[in-house]
Chemist: 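Before we start, here is the structure in question, set down as structure tokens.
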Amino acid sequence: MENLVLMEILDKQICDFLEYGGILFREDNISGIPVITALSRNTSSPVPVIPLEISSSTIEEAETRCREVKEVTAYTERLSGIRPLIITGDRWRNRPDMMKNRLLAHLEIFGKIYARNCTVMKIGKNEAACFLEENHSYGDAACRYRYGLFHKGKLVGAGEFSNARLWNKNGTSVRSYEWIRYASSSDTRICGGMGKILKQFIKDVHPDDIMSYADLEWSDGKAYEKLGFVREQVKESLLFAINPQTWERRRLDGGNHSELNDGILYFQNFGSLKYRLKLTDYH
């Protein structure tokens with residue numbers, strides 16, 4: 001009963017937010033998974049949203065819930081032609097402003113900036129960290145290169161790249177880099193922003209290839225494909241422990257998790273897609 005109450009609270013909070021913004025929506029339930037179909041005046045078609053409460057008290061429950069949501073996500077996408085936005089209860093409660101802006105962005109309610117009107121510059125660790133903690137779902141990350149997109153002197157986007165990973169491919173030394181983070185201000189869409197940061201990084205560093213991951217909790221990877229990246233593989237789901245007091249996530253690696261405190265909740269995400277952009281001719 002407690003989990004059901006939590007789920008109703010998340011549903012209601014999202015619906016109240018949509019209603020307050022004058023956004024039309026419909027509530028459905030597919031195989032026990034709630035689906036909210038929202039339509040704003042700015043969208044050409046309805047956008048499905050899955051409010052996913054974090055309520056699994058065991059790893060087995062989290063694994064089952066992940067499978068169920070994957071099935072409903074695929075079914076909903078087949079019906080609507082649009083991949084549902086998944087809003088998890090921990091994200092909604094831990095970072096409400098970011099999540100609300102992200103929901104509005106999926107409904108095409110956002111400020112729009114064109115990358116051609118922005119300037120790309122290298123930025124420092126603290127500036128990047130502050131921006132990404134506010135605007136990226138996973139916050140800042142350890143990295144080597146940090147770039148910012150500036151519009152009229154204001155930081156509106158940021159990207160982070162790793163140092164080179166050297167490996168030998170058929171006698172050729174390859175310098176491979178990871179694109180670790182990209183985010184724009186959560187209430188703004190920068191048209192061409194990813195491409196502009198990528199172009200500057202390539203110009204500065206001259207990598208042989210760049211790889212990155214599209215987290216299936218957020219993305220279908222099409223943004224990478226538009227930039228010329230090729231999908232290599234599907235990565236497995238990851239397991240997280242979530243503190244229901246703070247709603248903070250902690251990734252769990254394989255092994256014994258008996259050291260976790262009672263009351264911890266579990267969440268298994270939906271995996272990711274690995275992409276690679278080859279910039280030199282190696283095989």
Chemist: Could you tell me if the side chain of L79 sits less than 4.5 Å from the side chain of Y75, heavy atoms only?
Modeler: yes
Chemist: With sequence neighbours excluded, what pairs up with W92 under the side chain to side chain donor-acceptor pair (under 3.5 Å) test?
Modeler: Q13
Chemist: Please set out all donor-acceptor pairs under 3.5 angstrom arising from side-chain atoms of residues 269-276, sequence neighbours excluded.
Modeler:
| from | atom 1 | to | atom 2 | distance (Å) |
| --- | --- | --- | --- | --- |
| N269 | OD1 | L238 | N | 2.6 |
| N269 | OD1 | G271 | N | 3.2 |
| Y275 | OH | E225 | OE2 | 2.9 |
| R276 | NE | E232 | OE1 | 3.4 |
| R276 | NE | E232 | OE2 | 2.6 |
| R276 | NH1 | S176 | OG | 3.4 |
| R276 | NH1 | D209 | OD1 | 3.3 |
| R276 | NH1 | D209 | OD2 | 3.1 |
| R276 | NH2 | E232 | OE1 | 3.4 |

Chemist: Check for a donor-acceptor pair, side chain of S212 on one end and backbone N or O of W179 on the other, with a separation under 3.5 Å.
Modeler: yes
Chemist: Are V35 and T37 side-chain neighbours, meaning at least one heavy-atom pair lies under 4.5 Å?
Modeler: yes
Chemist: Taking atom types as modelled and ignoring hydrogens, do the side chains of R67 and T64 form a donor-acceptor contact shorter than 3.5 angstrom?
Modeler: yes
Chemist: Would you give the length of the straight line joining atom CG of L107 to atom CG of L18, rounded to the nearest 0.5 angstrom?
Modeler: 6.5 Å
Chemist: How long is the span from the CG atom in D90 to the OG1 atom in T246, to the nearest 0.5 Å?
Modeler: 9.5 Å
Chemist: Once rounded to the nearest 0.5 Å, what's the spacing between atom CD1 of I113 and atom CG of L149?
Modeler: 9.0 Å
Chemist: What I'd like to find out is whether the side chain of I50 reaches to under 4.5 Å of the side chain of V72, using heavy atoms alone.
Modeler: yes
Chemist: Using the ring pair (Phe, Tyr, Trp, His ring centres under 6.0 Å) rule, collect all pairs that involve residues 19-73, keeping only residues at least two apart or in two chains.
Modeler: none
Chemist: Answer with yes or no whether the side chains of T88 and R249 bring together a donor and an acceptor at under 3.5 Å.
Modeler: yes
Chemist: Could you name each residue pair satisfying ring pair (Phe, Tyr, Trp, His ring centres under 6.0 Å) that touches residues 102-148, not counting sequence neighbours?
Modeler: Y145-F201
Chemist: For R175 and H206, indicate whether the former's side chain and the latter's backbone hold a donor-acceptor pair under 3.5 Å.
Modeler: yes
Chemist: How long is the span from the CG atom in D208 to the CG atom in L279, to the nearest 0.5 Å?
Modeler: 8.0 Å
Chemist: What distance do E53 atom CD and I87 atom CD1 have between them, rounded to the nearest 0.5 Å?
Modeler: 12.0 Å
Chemist: Can you name the residues that form a side chain to side chain contact (heavy atoms under 4.5 Å, CB included) with S162, not counting sequence neighbours?
Modeler: R165, Y177, E178, I180
Chemist: Rounded to the nearest 0.5 Å, what separation is found between the CG atom of L10 and the NZ atom of K12?
Modeler: 12.0 Å
Chemist: Tell me, please, which residues at least two apart from K222 pass salt bridge (Lys or Arg N to Asp or Glu O under 4.0 Å).
Modeler: D220
Chemist: Can you tell me if D187 and S185 form a side-chain donor-acceptor pair at under 3.5 Å?
Modeler: no
Chemist: Considering all heavy atoms of both residues, which atom of I197 and which atom of G159 are nearest to each other, and what is their separation?
Modeler: CD1-N, 3.7 Å
Chemist: Heavy atoms only: give me the nearest I23-A38 pair and the separation to one decimal.
Modeler: CG2-CB, 4.3 Å
Chemist: Just checking, is any N or O donor in the side chain of S57 or Y266 under 3.5 Å from an acceptor N or O on the other one?
Modeler: no
Chemist: Sub-3.5 Å donor-acceptor pair from the side chain of R181 to the main-chain atoms of G139, do we have one?
Modeler: yes
Chemist: Any non-hydrogen side-chain atom of I33 less than 4.5 Å from a side-chain atom of V69?
Modeler: yes
Chemist: Less than 4.5 Å apart, any side-chain heavy atom of W167 and any of T172?
Modeler: no
